[in-house]
Asker: 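Before I ask anything, let me first share the structure, which is written out below as structure tokens.
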Amino acid sequence: MATITAPTAGHIATGEAHAHEMSFLRKYIFSTDHKIIGIQFLIMSLVFLLVGGLLAMVIRWQLGFPGQAMPGGGVLPDTMAPDGIVLPEFYNALVTMHGTFMVFFAIMPLLVGVFGNYLIPLKIGAPDMAFPRINMASFWIAVPAGIMMIAGFVVEGGHAAAGWTAYAPLSERADLTGVSMGQILWCISLIILGLSSILGSFNYITTVINLRAPGMHWFRLPLSIWALFVTAILVLLAMPILSGAIIMLLFDQTLGTHFFGPAQGGQPLLWQHLFWFFGHPEVYILILPAMGFASDIIANGSRKPVFGYASMVFAILAIAVLGWGVWGHHMFMSGMNPTLGTSFMISTMLIAVPSAIKVFNWLGTIWGGSVRFHVPMLHAVAFVSMFIIGGLSGIFMASTPVDIYIHDTYFIVAHLHYVLFGGSLFAIFAAISYWYPKMFGRMMNPFWAKVHFVITFIAYNGVFFPMHQLGLQGHMRRIFDPNEYEFLQHLQGINTFISISAFVLFAAQFIFAINFIASWFVGAKAPDNPWDDNGLEWTVASPPPHGNFATIPRVFRGPYEYSSPLVEEDFLPQNRELPPQPAASAAHT
Amino acid sequence: MAHATAMLDDDMMAPPRGYEQGMGVYNEKLGMWVFLGSEVMFFTALIGAYIILRVAHPDAWKPPGEVLNVPLTAINTFLLICSSVTMVKAFAAIQDGNLAGLKRWLIATVLIGAGFVGVQVFEYMHLMSVGFVPSEGLYGSTFYTMTGFHGFHVTVGVICMIYVTWRAFRGKYSAADHRGVEVVGLYWHFVDLVWIILFTIVYLI
Amino acid sequence: MNWLLPPGASTFAGEIDWLYYVILWVTGIAFVATEVALVWFLIRYRARPGVRARYYHGNNKAEVVWTSVTAIAVLVLGLMSAGGWNRIKGRDSVPPNAFPVIVHAKQFEWEITYPGPDLQLGTADDFTVRNQLHVPVDRAINATLTSEDAIHSFFVPAWRIKQDAVPGMRIQVWFQPTQTGEFEIACAELCGLGHYRMRGSVTVHSEEEFDRWHRNGGQLALGQ
């Protein structure tokens, strides 16, 4: 049938196999298949996760063993670490780039680029995204952004060194940092990445709105899809703010404009307002999909419907909406009007509520369940327990007087890593191990996966829990050598302990990496539905064919009908048709 | 919008067949509306920054007309509005299956749009020659950033419009399927609307 | 893991530390309750042969209860914090007759300007000292923060005070030391390559010692 533009899903005959064989290039490199694009994002993001982790290792070497030559440090140029000893200017670039790579090139694409792409069409019953070619463009635009960001390490003056938050005027004055090209590359890279994200987001939104299979009402969507959908809206609306801010920063640096420099009336605080107006929705972008995956996996692992599905949806919406009103809590000490501080404090306290609802509902899901401790379930449960810590620690900094003391200390670093690593990254491990069989048609080795989990969980807490104490003792962030201060000298032992835990944590990730790569080739062949899950993706082969479904599925129920009395098995796929029931038992929407 | 013609088996300008009720519009149109949401936020950042800086430091701006050529830009604004009219006429033409009308009105839109950009470039060159450059205080910084990115968006719009015109000449649009025309039209109207806001707050205040 | 705060030496420390400990208790209880519940459920409801999970979709009443409790708890914490915030950072909170100083932050030091014997800043008898803040005990001090270049942040952990110094702005921060002794100033906002060594020292003197120091134009004529 004739279609002239990209095959908008409803207009291609689903189930029609491609009569022609595509070249390797069209099939795997410049693919418009959302599943391939998702895997492309996966490979790219895991590479950048490694980069971010390596940067963290150098940071921890300096903090754990200050002034000592780093093993293997000889490979670094003298501008970074002569004789393997880290320089202070390189240290500032390290902390900047660790944050930048982790936030923008690892966690965000892992959550949104990988699983948004992979799961959305499959879980809603669509053959692909609404705009497959734009989807391909979204990936291939992200790649040069990543290359540019790496390039910043080799330019003169070194990489951006003003923090991932790039506060002006430091970030725009090469005379204050010694960095010029690095910061410019940082700016351009993120503008390009922003375009990639925005292209992805409007694709996801259109797809979820318009391409849900018949019977897939809004309140039958899996929470992973709700989360990804709402996250896509946040990306759509928040990333352009960052782009605008970075453009102004870039123009200050290169065209001599005066947005943020006070010399001619510019305002440094304007940068902070713009950045955090983007930045706070950004952190919800970094956690909502993780929460969605946790819900899907915990329900499956517990063999029970999600507790309070509707509340979970409303909590996602509440977090997304309220998240726009709290940005000032990053700026309590900034010199902003204190009355504004009070209003941001109240809104920040309130946003704890929907997150708490979700935690209680995850607990409620496990309660009364029949818990299977498969690898994804382990990571999902770890997500909940670590997110509890991260969320609770946030309450300390929400209280403005307490924040006076802990702002810009390691207490904040502890909090952010508990939500981003303890939260997001464990959820990512859960999601990867859960959907790996679907993606690659192979099972990851469960024994080594569990070894990876245990070591990671223990080492992770060894790294980040003591950071609370460091912060409470007043240990500031982004400090090359805390021993300059008498009041911090007694904390060296803790810093060394953290660093050693970090090295163990990093090393343990190789278990995951080897398991990931090896299983792709020699892992046990995966059945269609290894986890006895109800989602639509598990009704097709592992991996699914191009076009996903032979015919558009018909959906009869929500995704969490585990242990239903209507059937003998403890799961009931969304598209399984049952004979008409005599007394319609509380039929769930 | 009315579907004037009989529904074909695959009505390309209806929501995807066989799926749950979404927003009731076809994918490309929904996609463009959603994308325009991101554009609103982008211009909000630039315009918001301008408002904050100007309210805090009003003396950094010259009175209207002293630096900028308001009459010329007013004419230019009128032209851009005309191009939205020609765009509407192009869309109406293809809704009725009038291919000749479509081509004519699309060409008009391209020419006027390109003309708008040309006048902007001409104005920039003049301003810079008299020393009003981006680094000229807050005034120059905000003026060039806002109008420059708007001009960039118009240019992208003109390029897309040329592409749509080319496709029109290749007979790719019909009353039954003119999605490209409608979608590029939506973008064009948005760009026009942003300009009306910018013209008011940058040139007239 | 030590959850205790180091000793405080200002009038703010009491209020801030108290708030911290209240939050510690509240979050501590929440932490224990939820984590114990989590572990308990995982053990109690682990899969056993022949036992089916409950087909249970939720409990609205329970949700209303725990949502309300959480909302009330955080709101109360917020309201408790609001008073302290106003007292410490409120624009009108600076006590009259506070001793004024200017703290001018720059890469990578603190330039502190004291009023001369006329106790007015901005007059000819002001004097400037690098990296040394001398103050009298039990008196309110009002520091005006300015910056030469980047954003810095004036942080004295013992006093529980922190305030960013922003170029182009004059920002007040006041405090009242309650103990004599030596303390440290740290910079708490990344400000460039020397950020980590932007250390200053604070000496809190008795009233008489401070008068002597001040009359001598900031000379360390008195013994260390």
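Quick caveat: nothing in here was measured; it's all calculated off a predicted structure. These values consider heavy atoms only, across backbone and side chains, with no hydrogens, waters or symmetry-generated copies.
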Asker: Counting only heavy atoms closer than 4.5 Å, note whether Val166(C) contacts chain A via side chain, backbone, both or neither.
Answerer: side chain
Asker: Given that the side chain runs from C-beta out, which part of Phe373(A) has a heavy atom under 4.5 Å from chain C: side chain, backbone, both or neither?
Answerer: side chain
Asker: For chain C, which of Val359(A), Thr365(A), Thr342(A), Ile494(A) has the most heavy-atom pairs under 4.5 Å?
Answerer: Thr342(A)
Asker: Check each atom of Asn60(C) against the heavy atoms of chain A and say whether the ones under 4.5 Å are side chain, backbone, both or neither.
Answerer: neither
Asker: With chain C, which of Arg173(A), Glu89(A), Met377(A) has the greatest number of heavy-atom pairs at distances under 4.5 Å?
Answerer: Glu89(A)
Asker: Please rank Thr348(A), Val306(A), Asn361(A), Val95(A) by heavy-atom pairs under 4.5 Å with chain C and give me the top one.
Answerer: Asn361(A)
Asker: To the nearest 0.5 Å, tell me how far Trp159(C) CH2 sits from Phe12(C) CZ.
Answerer: 11.0 Å
Asker: At what distance, to the nearest 0.5 angstrom, does NE2 of His205(C) lie from CD of Glu182(C)?
Answerer: 8.0 Å
Asker: Out of curiosity, Thr177(A) OG1 to Asp149(C) CG, how far, rounded to the nearest 0.5 Å?
Answerer: 11.5 Å
Asker: Measure Gln264(A) against the heavy atoms of chain C and call it side chain, backbone, both or neither at under 4.5 Å.
Answerer: neither
Asker: Of the options Trp367(A), Tyr309(A), Tyr562(A), Tyr560(A), which is the one that meets Tyr56(C) in a ring-ring contact (aromatic ring centres under 6.0 Å, His included)?
Answerer: Trp367(A)
Asker: With the side chain counted from C-beta on, respond yes when Pro6(C) and Phe487(A) share a heavy-atom pair under 4.5 Å apart, and no when they do not.
Answerer: no
Asker: Which one wins on heavy-atom pair count under 4.5 Å against chain C: Asp570(A), Ile366(A), Leu176(A), Ile479(A)?
Answerer: Leu176(A)
Asker: What part of Phe155(C) gets closer than 4.5 Å to chain A, counting heavy atoms only: side chain, backbone, both or neither?
Answerer: side chain
Asker: When heavy-atom pairs shorter than 4.5 Å are enumerated against chain C, which of Arg477(A), Gln267(A), Glu568(A) gives the highest number?
Answerer: Glu568(A)
Asker: Measuring heavy-atom distances to chain A, does Arg48(C) have an atom under 4.5 Å in its side chain, in its backbone, in both, or in neither?
Answerer: backbone
Asker: What part of Gln163(C) is in contact with chain A, defined as an atom under 4.5 angstrom from a non-hydrogen atom: side chain, backbone, both or neither?
Answerer: both
